[in-house]
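From a predicted model like this one, the values you see are computed outputs, not experimental measurements. Atoms considered below: every heavy atom in the structure, side chains included; atoms not considered: hydrogens, waters and symmetry mates.
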Amino acid sequence: LGRVACEPTWRAMRSLTERRAADAPDEIWLLEHPPVYTLGLAGRREHVLRPGAIPVVASDRGGQVTYHGPGQAIAYVMLDLRRHDMDPRSFVRALEGWAIAALARFGVEAGRRKGRVGIWVQRSPSGPGRGREDKIAAIGVRVRRGLASHGMSLNVAPGLAPYRAIVPCGIPGPEVSGFGVTSLKDLGIGATLAEVDAALRATFEEAFPRLGRR
């Protein structure tokens, strides 16, 4: 969809999900947003430390506060989980696997971490971050009556400074937690959003095999 404003896009997604008929097709929207902070249902306003000029939007997804902005690939995934014999946990696992598979197309070894939401990479012990684990993709979903919405965001080349003005996903910055936020660009990989979107398209059925068989 290109670069579209967060709030009207979220409202369109919610409307589509709430009104969809039993035989309505699933939809996946690939897009990016202008700079915005979004608060999930568990989000705490005090985790928005210094928003400045960046708007804060309260959302109906799970999770806490995160940042979206130019240079970030966002996938909103609207599935009827009942149709595909999936539950919320398997939906989240599939989203995680999708991000991992797409990142592997660029030579990035990313993975899950116990007790931490999202997809993480290990920094080089000799480069910036010196062995630190940083988040490169965030997951936040909503499932109601078996209908899933929202999805994931993958950092391609966004500015990372806005993350320092929040407690992203409830995890304090590296000075406190030892964990940070990164992007493909920050890792020295010059991928474009178009190339990442192509990788997401190419790896979707790998992560969601039940859908690929239909």
Side-chain angles (χ1 to χ4, degrees), residues 1-2 4-33 36 38-44 57-66 68 72-105 110-120 135-155 168-170 193 196-214:
L1 299 180
V4 291
C6 176
E7 191 159 4
T9 305
W10 160 55
R11 294 190 184 281
M13 174 172 53
R14 184 175 65 178
S15 177
L16 182 150
T17 301
E18 290 179 348
R19 298 180 184 182
R20 64 182 290 173
D23 59 350
D26 298 315
E27 294 193 20
I28 295 92
W29 297 353
L30 301 180
L31 53 100
E32 64 176 335
H33 286 319
V36 64
T38 64
L39 277 173
L41 294 174
R44 296 164 59 180
V57 173
S59 173
D60 62 352
R61 63 165 173 81
Q64 302 191 45
V65 63
T66 195
H68 297 308
Q72 187 184 74
I74 297 174
Y76 287 146
V77 183
M78 288 149 280
L79 300 183
D80 185 336
L81 300 185
R82 300 162 300 186
R83 183 186 302 166
H84 305 296
D85 302 320
M86 299 179 76
D87 58 21
R89 183 180 295 273
S90 62
F91 176 55
V92 170
R93 292 284 294 182
L95 287 173
E96 293 170 340
W98 192 19
I100 292 168
L103 288 165
R105 294 287 176 114
R112 306 171 179 90
R113 298 294 187 270
K114 186 175 181 180
R116 283 183 264 142
V117 179
I119 299 303
W120 299 76
K135 179 183 281 191
I136 194 167
I139 309 290
V141 305
R142 175 177 172 82
V143 178
R144 186 167 181 263
R145 300 196 307 271
L147 300 176
S149 59
H150 294 277
M152 70 171 181
S153 58
L154 193 158
N155 288 344
C169 301
L193 275 173
V196 172
D197 281 351
L200 289 169
R201 291 175 182 272
T203 56
F204 180 78
E205 290 186 8
E206 177 183 341
F208 289 85
R210 290 189 178 96
L211 278 70
R213 291 199 299 267
R214 293 176 185 265

Closest non-hydrogen atom pair, [X] against [Y]:
{"X": "M86", "Y": "A94", "answer": "CE-CB, 4.0 Å"}
{"X": "K135", "Y": "W120", "answer": "N-CE3, 3.3 Å"}
{"X": "L81", "Y": "P88", "answer": "CD1-N, 4.1 Å"}
{"X": "A137", "Y": "A99", "answer": "CB-CB, 4.2 Å"}

For [X], give me all partners under salt bridge (Lys or Arg N to Asp or Glu O under 4.0 Å), at least two apart in sequence or on another chain.
{"X": "E7", "answer": "R11"}
{"X": "R82", "answer": "D80"}
{"X": "R105", "answer": "none"}

With a 4.5 Å limit on heavy-atom distance, are the side chains of [X] and [Y] in contact?
{"X": "I74", "Y": "M152", "value": "no"}
{"X": "T66", "Y": "Q64", "value": "no"}
{"X": "E32", "Y": "L193", "value": "yes"}

With [X] via side chain to side chain donor-acceptor pair (under 3.5 Å) - residues at least two apart:
{"X": "S149", "result": "none"}
{"X": "R20", "result": "D26"}
{"X": "T38", "result": "R61"}

Test item: R112 side-chain N/O and I100 main-chain N/O as donor-acceptor pair under 3.5 Å: no
Any donor-acceptor pair under 3.5 Å linking the side chain of T17 with the backbone of M13? yes
Restricting to side-chain contact (heavy atoms from CB on, under 4.5 Å), what partner residues turn up for [X], sequence neighbours left out?
{"X": "A110", "answer": "L103, V108, I119, V121"}
{"X": "D197", "answer": "L30, A73, L200"}
{"X": "T9", "answer": "V4, W29, L31, H33, Y76"}
{"X": "V141", "answer": "F91, V92, L95, I139"}

Gap separating the [atom1] atom of [X] from the [atom2] atom of [Y], nearest 0.5 angstrom:
{"X": "R19", "Y": "R14", "atom1": "CZ", "atom2": "CZ", "answer": "10.0 Å"}
{"X": "L41", "Y": "S59", "atom1": "CG", "atom2": "OG", "answer": "7.0 Å"}
{"X": "L79", "Y": "I28", "atom1": "CG", "atom2": "CD1", "answer": "5.5 Å"}

Of all pairs that satisfy salt bridge (Lys or Arg N to Asp or Glu O under 4.0 Å), the ones with a partner from residues 141-154, not counting sequence neighbours: D60-R142
CZ (R113) with more than 12 external heavy atoms under 6.0 Å: yes
